[in-house]
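Every chain is numbered from 1 and lettered A, B, ... according to where its sequence line falls, protein lines coming before strand lines. On a predicted model such as this, the values are computed, not experimentally measured, just so you know.
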Protein chains: 2
Amino acid sequence: MPATPTVDLDSLTPGARRILDTASTLFYEQGIHAVGVDTIAAESGVTKRTLYDRFGSKDALVAAYLQSRDRRWRSMIATRLDEGGADPVSRVLVPFDVLPLWLDECARGCSFINAFGELHDADHPGRDVIVEEKTWLLDHFRTTLTHAGIAEPEPLAVQLLSLHEGAIVAYSIAGAAGAAEAAHAAARSLVELALVGQGTR
Amino acid sequence: MPATPTVDLDSLTPGARRILDTASTLFYEQGIHAVGVDTIAAESGVTKRTLYDRFGSKDALVAAYLQSRDRRWRSMIATRLDEGGADPVSRVLVPFDVLPLWLDECARGCSFINAFGELHDADHPGRDVIVEEKTWLLDHFRTTLTHAGIAEPEPLAVQLLSLHEGAIVAYSIAGAAGAAEAAHAAARSLVELALVGQGTR
DNA sequence: CCCTAAGTACACAGATCTGTGAATGCAAGG
DNA sequence: CCTTGCATTCACAGATCTGTGTACTTAGGG
């Protein structure tokens, strides 16, 4: 049951802020099930009572963790989309511009992918956040590719999504240092190839 | 400490076989920390004592789970490499031939990536298996690309690894049905592009 | 015939987990 | 002044976790 009343990330009390920050670090570095609420409370310098008063449950805290991370990532992309030029191909590739920066926080892999592996219950309030993060990126590619003049963007959008997600895996697990740049270059090649293969422009 | 004496997957007692099978299903579907040894034992129709007599610890069972999965996946690739023709580019792309089949078992994502997110302890006996699975694939691409006549295979190998891993993510989380085929096509394009861009043959 | 390997039965230790109840302190704002 | 929001303190319930100790059964092979 999604009866969990979602927390408003914009109006967090100081204590709640600290709880969320600590939980984010611990969940990401150690895994969600591996971190207990006692640890989170202690590490935040807060009592367990406060944690439950602010967030209601561990599951809701997990959802808030994912939401805040999703929000930060999207804002990085939104910023570049706003300030960036109007060149349609560049707009498609904005997530790959952000990727090197994002990878700095991804030594332990992608938080959403990791959480997906842990949250098997389809009703868990965090599941939606995870799926939406990925579908949002897929949508971004679809939309911007269309604007760039790609008639059938679907397969290419999936390819770009795969490159993007896989780069995080290649970097964090296989230790491929240049994964972000490699993925960026590949993405550009594929887009240009599609444009050429489709007629002139 | 890696004091865990690894289990020999080839000489498992009937009970141990059932334990490993059940554990594999449960670990993959629900996550490693979410499944207790009591559940595994009960579901295997075996006592907890037997589980510990055969595997020694949960961590060792986890490692065995990853090893057996790694082994099955590699054998799928090895088979096609053996029987397949000698066309060097086809050999590079064999993992992408296997991918659609492999994705049938990947509704909950990649077991290695998921396990990586859960096993934060660098000393965990499963960590090596995970890292080796990914580096082995990267190595495969590097080697076969070299045989295909690519002078500097490194960036391309990373791109192919990213495509491969990302396709699992795109399929399992974003619900991209044609992810395997899309990744395969992209991989082929990138390889051919590299061959062309490098001079004639 | 007896030894060994495989497994059962079952209790239990000790830790850790999520979550709650009830009373209290304290500061800011109406 | 008094309410309201935030947080503390602390005890505790009840479940679940990994792992062990001990004694018994059963089947196959030398």
**Message:** Any carboxylate oxygen within less than 4.0 angstrom of a Lys/Arg side-chain nitrogen, looking at D87(B) and R91(B)?
**Reply:** no
**Prompt:** When you check the gap from the basic side-chain N to the acidic O, do K48(B) and D38(B) get nearer than 4.0 Å?
**Reply:** yes
**Request:** Using the six-membered ring wherever Trp is involved, compare the ring planes of W102(B) and W73(B) and label them parallel, tilted or perpendicular (cut-offs 30° and 60°).
**Result:**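 Ring orientation of W102(B) relative to W73(B): tilted.
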**Request:** Evaluate the side-chain proximity of R142(B) to L138(B): yes if any heavy-atom separation is below 4.5 Å, no if none is.
**Result:**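 Yes, at least one pair of side-chain atoms sits under 4.5 Å.
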**Sub-4.5 Å side-chain heavy-atom contact between V169(B) and S162(A)** =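 V169(B) does not reach S162(A) side chain to side chain.
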I need the [atom1]-[atom2] distance between [X] and [N], as an integer number of Å.
| X | N | atom1 | atom2 | value |
| --- | --- | --- | --- | --- |
| F55(B) | dG7(C) | CZ | C1' | 14 Å |
| R18(B) | dA6(C) | CZ | C1' | 11 Å |
| I19(B) | dT8(C) | CD1 | C1' | 12 Å |
| R54(B) | dT18(D) | CZ | P | 19 Å |
| D53(A) | dT24(C) | CG | C1' | 14 Å |
| L51(A) | dC17(C) | CG | P | 13 Å |

Side chains of [X] and [Y], donor plus acceptor under 3.5 Å:
| X | Y | answer |
| --- | --- | --- |
| D8(A) | S11(A) | yes |
| T50(B) | T47(B) | yes |
| S111(B) | R69(B) | yes |

Any protein N or O atoms within reach of nucleotides 24-30 of chain D? Criterion: under 3.5 Å, listing atom names and distances.
none

**Request:** Tell me what T50(B) touches on the nucleic acid: a base, only sugar-phosphate, or nothing, going by heavy atoms under 4.0 Å.
**Result:** base
**Message:** Heavy atoms only, 4.0 Å cut-off, all strands: where does T13(A) land among base, sugar-phosphate and nothing?
**Reply:** sugar-phosphate
Distance-minimising heavy-atom pair for [X] and [Y]:
| X | Y | result |
| --- | --- | --- |
| L137(A) | H164(A) | CD2-ND1, 3.5 Å |
| R108(B) | R127(A) | NH1-NH1, 3.7 Å |
| R18(A) | G45(A) | NH2-O, 3.1 Å |

Protein N or O to nucleotides 20-23 of chain C N or O, pairs below 3.5 Å:
from: dG21(C); atom 1: N7; to: R49(A); atom 2: NE; distance (Å): 3.1
from: dG21(C); atom 1: N7; to: R49(A); atom 2: NH2; distance (Å): 3.4
from: dG21(C); atom 1: O6; to: R49(A); atom 2: NE; distance (Å): 3.1

**Prompt:** Looking at DNA chain C, which of residues 24-41 of chain A put a heavy atom within less than 4.0 Å of it?
**Reply:**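 Close to the strand are V35(A), G36(A), V37(A), D38(A).
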